[in-house]
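Worksheet for the structure shown next.
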Amino acid sequence: MLAPTGRDGPASAELLRRAGLDAGVCDSLDCLVACLEAGAEAVFVAEEALHRQPIEPLVRWVEDQPPWSDMPFVVLTSHRQQPVVVAERGRLVGALRNVSLLERPVQTLTLTTTIQAAVRARRRQYEVRAHLAAGESAARHLEEQVIARTRELEAANAALRAQIAERERVEESLRHAQRIEAIGQLTGGVAHDFNNLLMVISGGLDMLGRQKDPARQRRLMDGMRQAAGRGAALTRQLLAFSRRQALQAEPVDLRRQIGSMRELLDRSLSGDVHVALDFGLGLWPVEVDPGELELVILNLAVNARDAMPEGGTISIRASNLAGWDADGLHGDFVRLAVIDTGTGMPPEVVARVFEPFFTTKDIGKGSGLGLAQVYGFARQSGGTVRIDTAVGRGTTIELLLPRSARPPAAEVRATAEPRRVEAPGSRGHVLLVEDDDEVAALVGQMLGELGFEATRAASAAAALGALADGRAIDLVFSDVLMPGG
């Protein structure tokens, strides 16, 4: 409190002390400002103590208060209402901002309750300050947590990027290994087949000039033509997978086209494997290359046969799919399925089943291009191929082929039947071990020209059986890479 006139200061201080308040008396304006800076809960000041005084230090202190602070001032005024006094009083109230005016003479109770109210208001400001400080502390703590979490996320992102880079490196290494494996599959499968075909052709050409019998010359020519046809078919499979062969698409009636293959399928499959055809009524024609379609069906049928070593039934079914909208395809399609009841395939084989040169068959029994050719044919024809299989449950290969808006031709192209070259017999005895029929036929003819009788065994196991049955064998002429080890 600042009340320098008379007994106002000491008397008021004593009165407030009796009310339980700690009251301190200042003897000057500078002392009041110093006490405010040291800390106070309310200010009681007599009006005349500030009249015509340099109150700028006090005004600056009021203006410099923090946002939570609004120091309460209780000003004891006189009853004078002269214009000068009223104007000065107004300026004082504006400068101090939070002001309560008490006019003399003031009752003891009024003074005490006013000062107590000012102190309570100030203490509420202290509570606000405490809440603000707690909020700031929480905000700083939260900011520290955010910074720490950001660092953790940055470290996790860096680790993730490193893992992604490592994964990409491993995947690239895997792709490189797969390419190397594909080359190995190619040399072990396709090259083996081509070597057999080239041997038939080159050996036939060598013997053709020394052979005078027209019938034998004709058999040699037929064998070479068949070998050349097999080489062309193998090349078509490669081109179909790479989609570089121009398919001659035309409207095809599946019921008639595949039905005409019934005899070929029966001859290509063993006697304990049967083919069942099931085509829905009103089956739409499809827009495909009929020759490649027959090759696809033959490939799928042979694969199904190999998957059923104990025999069984291969079902070939076809049905219409109107308004198909899946697998990136839109429109009308025909579903053509080849279904077997064989051993099925595990997931790791399914993942690679359409890769070129991938095969699970023995050397010389598969080039790994059959299903790759099926995939290439379906995609190049504007459709797709899907597989549904599980170990012990059999396999279903589905081709979705686009519906043709044109009617199919009346006739179906006849499928050429392969001809076998029979090996003539003669004196002498050679055990010929060769799994390829055409190579065996050619070598048998060569041995016959040299004056030997040739007994052919199609596998190593069969050769051991022939050697064990007591017949006289003068020479074993054997292939090296054959199915069965």
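Values in this document were obtained by computation on a predicted structure and should not be read as measured data. Both backbone and side-chain heavy atoms feed into the values below; hydrogens, waters and symmetry mates do not.
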Do [X] and [Y] touch side chain to side chain, with heavy atoms closer than 4.5 Å?
X      : Y      : answer
Leu329 : Thr384 : yes
Ile316 : Asp278 : no
Val296 : Leu399 : yes
Phe377 : Leu401 : yes
Asn98  : Met71  : no
Val338 : Thr396 : no
Leu442 : Met446 : yes
Arg317 : Ile339 : yes

Just do the side chain to side chain contact (heavy atoms under 4.5 Å, CB included) check on Val385 and Ile397 with the steps written out, would you?
CA-CA 7 Å; Val385 59; Ile397 304 290; 3.8 Å; yes
List the steps, then state whether salt bridge (Lys or Arg N to Asp or Glu O under 4.0 Å) holds for Arg219 with Asp222.
CA-CA 5 Å; Arg219 285 197 295 269; Asp222 289 343; over 6 Å; no
At what distance, to the nearest 0.5 angstrom, does [atom1] of [X] lie from [atom2] of [Y]?
X      : Y      : atom1 : atom2 : value
Gln445 : Leu450 : CD    : CG    : 12.0 Å
Ser459 : Leu464 : OG    : CG    : 8.5 Å
Arg169 : Ile164 : CZ    : CD1   : 15.0 Å
Gln145 : Ile147 : CD    : CD1   : 11.0 Å
Leu293 : Leu298 : CG    : CG    : 11.0 Å
Leu132 : Gln125 : CG    : CD    : 11.0 Å

For Glu398 and Ile387, run side chain to side chain contact (heavy atoms under 4.5 Å, CB included): C-alpha distance rounded to whole Å, both residues' side-chain angles, the deciding distance at 0.1 Å, then the answer.
CA-CA 6 Å; Glu398 293 183 353; Ile387 184 169; over 6 Å; no
Within the distance-only criterion (no hydrogens, no angle test), does the side chain of [X] pair as donor or acceptor with the backbone N or O of [Y] below 3.5 angstrom?
X      : Y      : result
Asn320 : Trp284 : yes
Ser260 : Gln257 : yes
Asp332 : Gly323 : yes
Arg456 : Glu434 : yes
Arg255 : Gly280 : yes
Ser69  : Gln65  : no
Asp340 : Ile314 : no
His429 : Ala472 : yes
Thr341 : Gly394 : no

So which heavy atom on [X] is nearest to which on [Y], and how close?
X      : Y      : answer
Gly259 : Leu277 : CA-CD1, 4.0 Å
Pro402 : Ser381 : CG-O, 3.1 Å
Tyr126 : Ala40  : OH-O, 3.0 Å
Thr343 : Pro309 : CG2-CD, 4.4 Å
Gly444 : Ala454 : CA-CB, 4.4 Å
Gly428 : Asp474 : C-OD2, 4.2 Å

Walk me through it: do Arg393 and Asp388 pass the test salt bridge (Lys or Arg N to Asp or Glu O under 4.0 Å)?
CA-CA 10 Å; Arg393 186 168 59 83; Asp388 179 21; 3.2 Å; yes
Atom [atom1] of [X]: over 12 foreign heavy atoms under 6.0 Å:
X      : atom1 : result
Phe477 : CZ    : no
Glu310 : CD    : no
Arg406 : CZ    : yes
Leu281 : CG    : no
Asp22  : CG    : no

Using a strict threshold of under 4.0 Å (side-chain N to carboxylate O), is an ion pair present between Arg97 and Glu63?
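Arg97 and Glu63: not salt-bridged.
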State whether Glu152 and Arg149 are salt-bridged, where the test is any N-O pair (Lys NZ or Arg NE/NH1/NH2 against Asp/Glu carboxylate O) under 4.0 Å.
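Answer for the salt bridge query: yes.
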Step by step, work out the salt bridge (Lys or Arg N to Asp or Glu O under 4.0 Å) result for Arg140 and Glu143.
CA-CA 5 Å; Arg140 285 194 300 272; Glu143 184 177 0; over 6 Å; no
Do Leu475 and Leu431 pass the side chain to side chain contact (heavy atoms under 4.5 Å, CB included) test, and can you show the C-alpha distance, the side-chain angles, and the key distance before you say yes or no?
CA-CA 6 Å; Leu475 179 72; Leu431 178 61; over 6 Å; no
Pairwise salt bridge (Lys or Arg N to Asp or Glu O under 4.0 Å) hits with a residue in residues 121-133, at least two apart
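Only Glu41-Arg123 qualify under salt bridge (Lys or Arg N to Asp or Glu O under 4.0 Å).
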Side chain to side chain contact (heavy atoms under 4.5 Å, CB included) for Leu336 and Ile258? Distances and angles first, verdict last.
CA-CA 11 Å; Leu336 177 61; Ile258 298 177; 3.9 Å; yes
By side chain to side chain donor-acceptor pair (under 3.5 Å), which residues pair with Asp325, not counting sequence neighbours?
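In terms of side chain to side chain donor-acceptor pair (under 3.5 Å), with neighbours along the sequence ignored, Asp325 is linked to His330.
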